[in-house]
**Student:** 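Before we start, here is the structure in question, set down as structure tokens.
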Amino acid sequence: MEWVYIEDIAAHDGREVEIRGWVYNKRSSGKVRFLLVRDGTGLLQATAFSAEKDSLLFQQFDRLTQESSLIVRGTVRADKRAPGGFELAMSELEIVQIAAEYPITLKEHSTPFLMEHRHLWLRSSRQHAILRVRAEVIKAIRDFFDGRGFRLMDTPILTPSACEGTTTLFETEYFDQKAYLSQSGQLYNEATAMAFGKVYCFGPTFRAEKSKTRRHLIEFWMCEPEVAFATLQDIMVLGEDLILFIMERVLARRRADLETLERDPKPLEAIKKPFPRLTYDEAVPILREKGSAIEWGGDFGAPEETIISELYSSPVCVTHFPTAIKAFYMQPAPENPDVVLGVDFLASEGYGEVIGGGQRIHDPVLLGKRLEEHKLPREAYEWYLDLRKYGSVPHAGFGMGIERMVSWICGIKHIRETIPFPRLLYRIYP
RNA sequence: UCCUCGGUAGCUCAAUCGGCAGAGCGGGUGGCUGUUAACCACUAGGUUGCAGGUUCGAGUCCUGCCCGAGGAGCCA
């Protein structure tokens with residue numbers, strides 16, 4: 001008998017098949033038994049009828065507990081009363097294991113309890129939908145860059161020093177030296193971009209900041225393209241195209257998951273190119289008018305990002321931030337060196353920053369000066385300065401936070417559900 | 001790190017002014033021939049986060065600690 005997956009069940013209508021999975025729920029009514037089986041691809045109702053209650057099938061059924069593993073065989077048939085439109089008329093039920101009492105019921109649970117049981121929570125339909133969207137977003141990103149001739153460059157996770165200096169890093173042992181977990185692949189990708197023209201990296205990133213908000217993870221995944229000879233304008237267009245590509249892909253392939261999540265697709269469908277652009281200078285008075293206490297020179301906090309992003313139906317590109325609040329490698333604007341050629345993409349509906357990037361300093365003298373101003377050890381950056389010594393060119397790139405994208409697309413409040421095992425402040429279990 | 005809120009059965013919660021520790025779900029037992037988080041009946045299940053204090057009496061009031069959640073800062 002053929003082993004099939006529930007997502008393919010419609011193609012086997014009328015045929016005898018085998019399903020391997022777990023008990024999601026069961027119901028019985030006298031001489032009828034209903035078994036809701038999940039196999040990782042979907043849910044299927046299996047039914048059993050019997051005049052004699054002592055049948056082997058019924059005995060097996062009655063022993064089943066939630067999440068018991070099993071193999072069921074039977075005939076597929078369409079039935080409007082069954083969830084999903086198809087059900088399995090069971091002929092055989094083979095128990096693989098009777099599960100111990102399962103902690104997660106079909107009723108409501110608190111987030112701390114569910115996080116404590118994250119390894120089991122992943123089996124629920126909502127978590128399935130979110131993580132399938134995540135997988136689709138990642139595939140879309142790879143297809144986007146691969147299709148445009150970008151080379152995938154895996155940058156190191158163990159690094160000898162700070163990439164950006166300011167942020168806190170996780171320290172670890174590297175034999176008799178200290179090493180730090182990467183907080184960005186960007187500096188390395190500036191090197192690979194000079195070797196390959198246009199590149200991207202995609203990997204985990206670690207920030208040892210004591211951030212405790214719905215938008216932060218201690219360990220998260222970031223995609224960072226870097227393009228030689230590109231300007232701020234070039235990578236803004238690249239960022240727009242990337243976001244639109246991801247949206248179209250998810251709307252085309254994962255619409256059912258968005259429905260499961262009760263995510264209204266209209267705001268995502270409404271996103272159009274070109275995205276609104278706003279300079280920092282233009283944004284500050286708007287923010288003050290809307291009640292923010294921001295002064296020129298101050299960085300945007302979550303409330304500022306929310307105010308701006310709610311003004312438009314597409315993500316907003318905010319550019320030309322004050323030099324003083326941005327990273328050392330940011331290229332100053334030619335007309336005003338107090339601001340830099342950087343851009344933050346603020347997602348609509350109040351989701352905030354999903355992309356941050358800009359043009360990098362290509363002048364060796366200015367870069368050396370910035371390292372000094374930021375009190376960074378020049379020796380550690382000799383290789384980085386070399387990039388400005390041997391055929392330096394203007395170049396630009398950005399970083400996109402995967403979990404923030406997924407959380408925006410899925411319309412969920414907290415980023416912690418967008419990765420299988422979130423690392424949070426004060427939570428590293430399971 | 002700071003501010004706010006919370007911790008009672010396996011889970012989600014209730015317990016009036018300080019006066020006998022409760023319900024639903026889940027578990028167990030039985031019933032029901034189309035259930036949809038099925039339903040009905042019965043049943044077991046408690047160191048009220050920890051340590052002190054006030055009181056005739058503390059889940060409830062006070063002090064300290066632990067753990068968690070929401071927000072801030074920082075960032076993607």
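First the proteins, then the strands, lettered A, B, ... as listed; each starts at 1.
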**Student:** Expressed as a whole number of Å, how far does the C1' atom of B:A21 sit from that of B:G46?
**Tutor:** 8 Å
**Student:** Can you tell me, in whole Å, how much space there is between the P of B:A9 and that of B:A15?
**Tutor:** 15 Å
**Student:** Hey, does the side-chain of A:Arg207 have a donor or acceptor N/O within less than 3.5 Å of a partner on the base of B:G73?
**Tutor:** no
**Student:** When the distance from OH of A:Tyr102 to C1' of B:C25 is rounded to whole Å, what number comes out?
**Tutor:** 16 Å
**Student:** Say you pick atom C1' in B:G6 and the same atom in B:C13; how far apart are they, in whole Å?
**Tutor:** 13 Å
**Student:** Report the stems of RNA chain B as range-with-range entries sorted by first number; a stem here is at least three consecutive pairs, Watson-Crick or G-U wobble, both distances under 3.5 Å, and write none if there are none.
**Tutor:** B:1-7 with B:66-72, B:10-13 with B:22-25, B:27-31 with B:39-43, B:49-53 with B:61-65
**Student:** Does A:Lys31 make a cation-pi contact with A:Phe49 (under 6.0 Å, within 45 degrees of the axis)?
**Tutor:** no
**Student:** Could you give the distance separating B:C32 and B:C42 at their C1' atoms, to the nearest angstrom?
**Tutor:** 16 Å
**Student:** Report yes if at least one side-chain N or O of A:His109 is closer than 4.0 Å to OP1 or OP2 of B:G26; otherwise report no.
**Tutor:** no
**Student:** Answer with base, sugar-phosphate or nothing: what part of the nucleic acid does A:Pro112 contact at a heavy-atom distance below 4.0 Å?
**Tutor:** sugar-phosphate
**Student:** Report yes if at least one side-chain N or O of A:Lys107 is closer than 4.0 Å to OP1 or OP2 of B:C11; otherwise report no.
**Tutor:** no
**Student:** Do the ring planes of A:Phe345 and A:Phe398 sit parallel (below 30°), tilted (30 to 60°) or perpendicular (above 60°)?
**Tutor:** tilted
**Student:** Think A:Ser211 has a side-chain N or O under 4.0 angstrom from the OP1 or OP2 of B:C74?
**Tutor:** no
**Student:** Between A:Thr105 and A:Phe113, which residue's closest nucleotide on RNA chain B lies nearer the 5′ terminus?
**Tutor:** A:Phe113
**Student:** Hey, is A:Phe34 stacking on B:G34? Ring centres under 5.5 Å, planes under 30°.
**Tutor:** no
**Student:** If you measure from the C1' atom in B:C66 to the same atom in B:G52, how many Å do you get, rounded?
**Tutor:** 15 Å
**Student:** Indicate the ring-plane relationship of A:Phe321 and A:Phe300, choosing parallel, tilted or perpendicular according to the 30° and 60° boundaries.
**Tutor:** perpendicular
**Student:** Please classify the nucleic acid contact of A:His414 as base, sugar-phosphate, or nothing, using heavy-atom distances under 4.0 Å.
**Tutor:** sugar-phosphate
**Student:** Identify whether any heavy atom of A:Asp79 sits under 4.0 Å from a base atom; if not, whether one sits that close to sugar-phosphate; answer base, sugar-phosphate or nothing.
**Tutor:** base
**Student:** Given atom CZ of A:Phe61 and atom C1' of B:C32, what is their separation to the nearest angstrom?
**Tutor:** 13 Å
**Student:** B:C25 and B:U43: how far apart are their P atoms, nearest whole angstrom?
**Tutor:** 14 Å
**Student:** May I ask you to verify if any side-chain N or O of A:Arg427 is less than 4.0 angstrom from the OP1 or OP2 atom of B:A69?
**Tutor:** yes
**Student:** Kindly confirm or rule out a cation-pi arrangement of A:Arg142 over A:Phe202, judged by NZ or CZ under 6.0 Å from the six-membered ring centre and within 45° of its axis?
**Tutor:** yes
**Student:** Take atom C1' in B:A44 and the same atom in B:A58, then report the distance between them in whole Å.
**Tutor:** 28 Å
**Student:** Are A:Arg416 and B:G70 close enough that a side-chain N or O sits under 4.0 Å from OP1 or OP2?
**Tutor:** yes
**Student:** For A:Leu425 and for A:Ala302, locate the closest nucleotide of RNA chain B by heavy-atom distance; then report the residue assigned to the nucleotide nearer the 5' terminus.
**Tutor:** A:Leu425
**Student:** OP1, OP2 of B:C32 versus side-chain N and O of A:Lys31: anything below 4.0 Å?
**Tutor:** no
**Student:** Name the nucleic acid region contacted by A:Gln45, choosing base, sugar-phosphate or nothing; use a 4.0 angstrom heavy-atom cut-off, strictly under.
**Tutor:** base
**Student:** Out of B:G73, B:G70, B:U35, which nucleotide sits closest to the side chain of A:Arg27?
**Tutor:** B:U35
**Student:** Taking atom C1' in both B:G26 and B:G10, compute the distance separating them and give it to the nearest angstrom.
**Tutor:** 7 Å
**Student:** Heavy atoms only, 4.0 Å cut-off, all strands: where does A:Glu108 land among base, sugar-phosphate and nothing?
**Tutor:** base
